[in-house]
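Have a look at the structure below, then the notes.
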Amino acid sequence: MSKKILITGGAGFIGSHVVRLFVTKYPDYQVVNLDKLTYAGNLANLTDIEDAPNYTFVKGDITDASFLEQLFGEHAFDGVIHLAAESHVDRSISDPMAFVMTNVVGTVNLLNTAKNSWKSDFSGKRFYHVSTDEVYGSLHNPEDFFTETTPYDPQSPYSASKAASDHFVRAYGNTYGLPIVLSNCSNNYGPNHFPEKLIPLMIHNIQTNKPLPVYGKGENVRDWLYVIDHARAIDTIYHRGKTGETYNIGGFNEWKNIDLVHLLCRIMDQKLGRSEGTSAQLITYVTDRAGHDLRYAIDAHKLMNELGWEPSLQFEEGLEKTVDWFLANQEWLENVTSGAYQKYYDSMYENR
Ligand code: NAD
Ligand code: DAU
C-alpha cells in the first residue's frame with residue numbers, strides 16, 4: 001500500500017540515513033523531508049537521492065505552528081518520523097533555550113498538527129518519535145543497563161528537553177489516542193556525523209595534527225551503534241512496533257572515551273601511513289563537561305526479541321568504514337568545518 005511519510009530533521013546525521021533507507025527501500029512511498037537546515041542540517045548528505053521521484057525536500061521550522069498546519073494541509077501524511085532536534089550536549093549547556101524551542105515546543109507543535117489534521121481518525125496513522133538514551137540519566141553501577149522501564153532522570157539541558165518531548169508524545173497517546181511509538185537510542189557514529197561530536201572531531205583533528213581534547217579523565221563510557229543500524233531499527237519499529245510502546249536501541253558496545261580515542265589513533269596511524277603511536281601524542285586532557293554523565297548502556301533485548309532487529313556490524317569494522325568515509329569525503333568535511341563552525345570550535349575549546 002502506498003504511504004506518505006513526513007520525516008523531520010532528514011538533512012541531519014541520522015535523519016539523512018533514515019530518509020535514504022525509506023526512499024530506496026520503499027519506492028511506492030512518498031517521503032517528505034522537513035528540515036530547517038540549521039548548522040547541523042546539510043543537503044549534501046542526500047545528493048545521491050535528491051532527484052528520486054518519491055522524495056521531496058521542504059525547508060521549514062517545526063517551531064512555526066502555522067507553517068506546519070499549511071504543510072499538513074498540502075500533504076495527506078499517513079505517518080511522521082520525528083528526528084528534528086538540537087542534538088549536541090555542549091551547545092545545550094551554552095544555549096538551553098534553543099533546545100527548549102526545537103525539542104519541546106517544536107515536538108508539541110508537530111503532535112498538535114498531526115492530531116488536528118488527522119481529525120481523530122487515526123486508522124493507518126503513526127507518529128514515531130526518535131529519542132535518546134540520555135533521558136535515563138547516568139549509570140554508576142557497572143552491572144546496570146537502561147531498560148524501557150528505567151525511570152527518567154535527565155541531567156543536561158539537552159536530555160531534559162528530550163525527556164520533556166518524550167513525555168508530551170506519551171501524553172498525546174494517552175489523552176487523545178494519537179497512535180504513537182518511541183525509541184531511545186545510544187550514541188551513533190558513521191558517515192555524515194557532524195564534527196562537533198567525539199568520533200568525527202577526533203578523526204578531523206588527528207588528520208590535521210590538532211590536539212585531541214579528551215574531557216576530564218576520559219573515563220566516561222558510551223555505547224556506540226553504527227548509524228545505518230539505527231536507521232534499520234527505525235524502519236523495523238515504524239513498520240512493526242506496537243502502538244504506544246517504547247523500544248531501546250543499542251549495540252551492546254561500551255567504550256571508555258580514552259580507549260576509543262586510542263583505537264581511533266591506531267586506525268588513523270595505519271590509514272595515514274604514520275608510525276604507530278604518532279597520533280596518540282596529540283591526546284590532551286581538557287576541563288570536563290559540566291554535569292558530565294558517567295556511563296550510558298542500553299539493554300536492547302526487547303527490540304531484538306520482539307521485532308528481530310540486531311546490529312549488523314562489529315565496532316572495529318564500523319569504525320574503519322567511518323574513517324574511510326571521512327578520508328574519502330574531504331570536501332564535505334571542509335565545507336562543514338569552515339565558517340560558523342570554526343567560530344564555535346574556537347569558543348568551545350580555546351580556554352578549556
Ligand atoms: P543532527 O543535529 O545531526 O540533526 C538534526 C537535524 O534537525 C538537522 O538537520 C537540523 O537542521 C534539523 N533541525 C533542527 N532544528 C529544527 C527545527 N526547528 N525545525 C526543523 N528542523 C530542525 O542530529 P542527529 O544526531 O541526527 O539526531 C537526530 C535525532 O536522533 C535527534 O532527535 C536526537 O535527539 C536523536 N538521537 C541522536 C543520537 C546520536 O547519537 N546522534 C542518539 C540517539 C538519539
Ligand atoms: O547517547 C545518545 C546521545 O549521544 C545523543 O542523544 C546525542 O544527540 C549525541 O550528541 C550523543 O551525546 P554525547 O554527549 O554522548 O556525545 P558526544 O560525541 O558529544 O560525546 C561523547 C563523549 O565524548 C562524551 O562523554 C563527551 C566526550 N567528549 C566529547 C567531545 C565533543 C570529549 O571527551 N571530547 C570532546 O571534544
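All ligand and atom numbering here is 1-based and tracks the order in the structure.
Classified by interplanar angle (parallel below 30°, tilted 30° to 60°, perpendicular above 60°), the ring pair Trp255/Phe315 is tilted. Using the six-membered ring where Trp is involved, Tyr29 and His239 have ring planes that are tilted, between 30° and 60° apart. In this structure, His292 and Tyr215 have perpendicular ring planes: the angle between them is above 60°, well past the 30° mark. Ring pair Phe252/His301 is tilted by interplanar angle, where 30° to 60° counts as tilted. Using cut-offs of 30° and 60° on the angle between ring planes, the pair His193 and Phe13 is parallel. Between Phe122 and Trp118, the ring planes lie perpendicular to each other; the angle is over 60°, past the 30° to 60° tilted range.
By the 4.0 Å heavy-atom criterion, Tyr189 is excluded from the residues contacting ligand 1. For the pair Leu37 and ligand 1, a heavy-atom separation below 4.0 Å is found. Within the 4.0 Å heavy-atom cutoff, Ser16 does not count among the residues contacting ligand 1. For His292, the heavy-atom gap to ligand 2 drops under 4.0 angstrom. Ligand 1 lies less than 4.0 angstrom from a heavy atom belonging to Ala11. Every heavy atom of Gly10 sits 4.0 Å or more from the atoms of ligand 1.
Ligand 2 places these atoms under 4.0 Å from at least one heavy atom of Lys197: 10 (O), 18 (O). Interface of Phe13 with ligand 1, defined as ligand atoms under 4.0 Å from a residue heavy atom, comprises 3 (O), 25 (O), 26 (O). Residue contact check: Tyr158 has heavy atoms under 4.0 Å from atoms 5 (C), 6 (O), 7 (C), 8 (O) of ligand 2. Per-residue contacts place Gly60 under 4.0 angstrom from the following atoms of ligand 1 (heavy atoms of the residue considered): 19 (N), 20 (C). Taking every heavy atom of Pro213 and a limit of under 4.0 angstrom, the matching atoms of ligand 2 come to 32 (C), 33 (O), 34 (N), 35 (C), 36 (O). Those atoms of ligand 2 with a heavy atom of Tyr349 less than 4.0 angstrom away are 30 (C), 31 (C), 35 (C), 36 (O). Remark: ligand 2 atoms within the under-4.0 Å shell around heavy atoms of His88 are 19 (O). Near Tyr296, the atoms of ligand 2 lying under 4.0 angstrom from a non-hydrogen atom of the residue are 1 (O), 15 (O). Counting atoms of ligand 2 from 1 in the listed order, those under 4.0 Å from a heavy atom of Thr132 are 1 (O), 2 (C), 3 (C), 5 (C), 6 (O).
If you look at Asp133 next to ligand 2, the close heavy atoms, those under 4.0 Å, all belong to the side chain. Under 4.0 angstrom from ligand 1, there are no non-hydrogen atoms of His88.
For atom 37 (C) of ligand 1, the closest non-hydrogen atom on the protein side is Ile14 CD1, 3.3 Å. Protein heavy atom closest to atom 32 (O) of ligand 1, with residue, atom name and distance, is Lys162 NZ, 2.7 Å.
Scanning Ser87, Ala98, Gly9 for the heavy atom closest to atom 2 (O) of ligand 1 points to Ser87. Counting heavy atoms only, Leu83 comes closest to atom 29 (C) of ligand 1 of the residues Asp64, Leu68, Leu83. Checking Thr102, Thr8, Asp35 against atom 9 (O) of ligand 1, the nearest heavy atom belongs to Asp35. Of the candidates Leu198, Val89, Asp223, it is Leu198 that places a heavy atom closest to atom 18 (O) of ligand 2. Here atom 20 (O) of ligand 2 lies nearest to Arg289 when heavy atoms of Arg289, Glu134, Glu86, Arg91 are compared. Of the options Ala85, Gly12, Gly41, the smallest heavy-atom separation from atom 7 (O) of ligand 1 is shown by Ala85. Scanning Lys36, Glu196, His17, Met101 for the heavy atom closest to atom 21 (N) of ligand 1 points to Lys36.
From Arg295, atom CZ reaches atom CZ of Phe146 across 8.0 Å, with rounding to the nearest 0.5 Å.
Residue Val214 has no nitrogen or oxygen atom sitting less than 3.5 Å from a nitrogen or oxygen atom of ligand 2, judged on distance alone. At a 3.5 angstrom cut-off on N or O pairs, Asn257 counts as close to ligand 2. The shortest N or O to N or O distance between Asn188 and ligand 1 is under 3.5 Å. For the pair Tyr158 and ligand 1, the shortest N or O to N or O distance falls below 3.5 Å. The shortest N or O to N or O distance between Glu196 and ligand 2 is not below 3.5 Å. Annotation: Cys185 places no N or O atom under 3.5 Å from an N or O atom of ligand 1; distance criterion only. For ligand 2, the polar-atom distance check finds no N/O of Asn220 at less than 3.5 Å from any of the ligand's N/O atoms. Inclusion of Asp61 in the set of residues having an N or O under 3.5 Å from an N or O of ligand 1 is warranted. Between Tyr215 and ligand 2, a contact under 3.5 Å exists for at least one N or O pair.
Taking the ring centre of Phe77 as origin, the terminal cationic atom of Lys3 falls outside the region bounded by 6.0 Å and 45° from the ring axis. A cation-pi arrangement is absent between Arg91 and Tyr158, since the terminal nitrogen or guanidinium carbon is not both under 6.0 Å from the aromatic centre and inside a 45° cone about the axis.
Residues Tyr55 and Phe22 keep their aromatic ring centres 6.0 Å or farther apart. Remark: aromatic rings of Tyr296 and Tyr136 are distant, center separation not under 6.0 Å.
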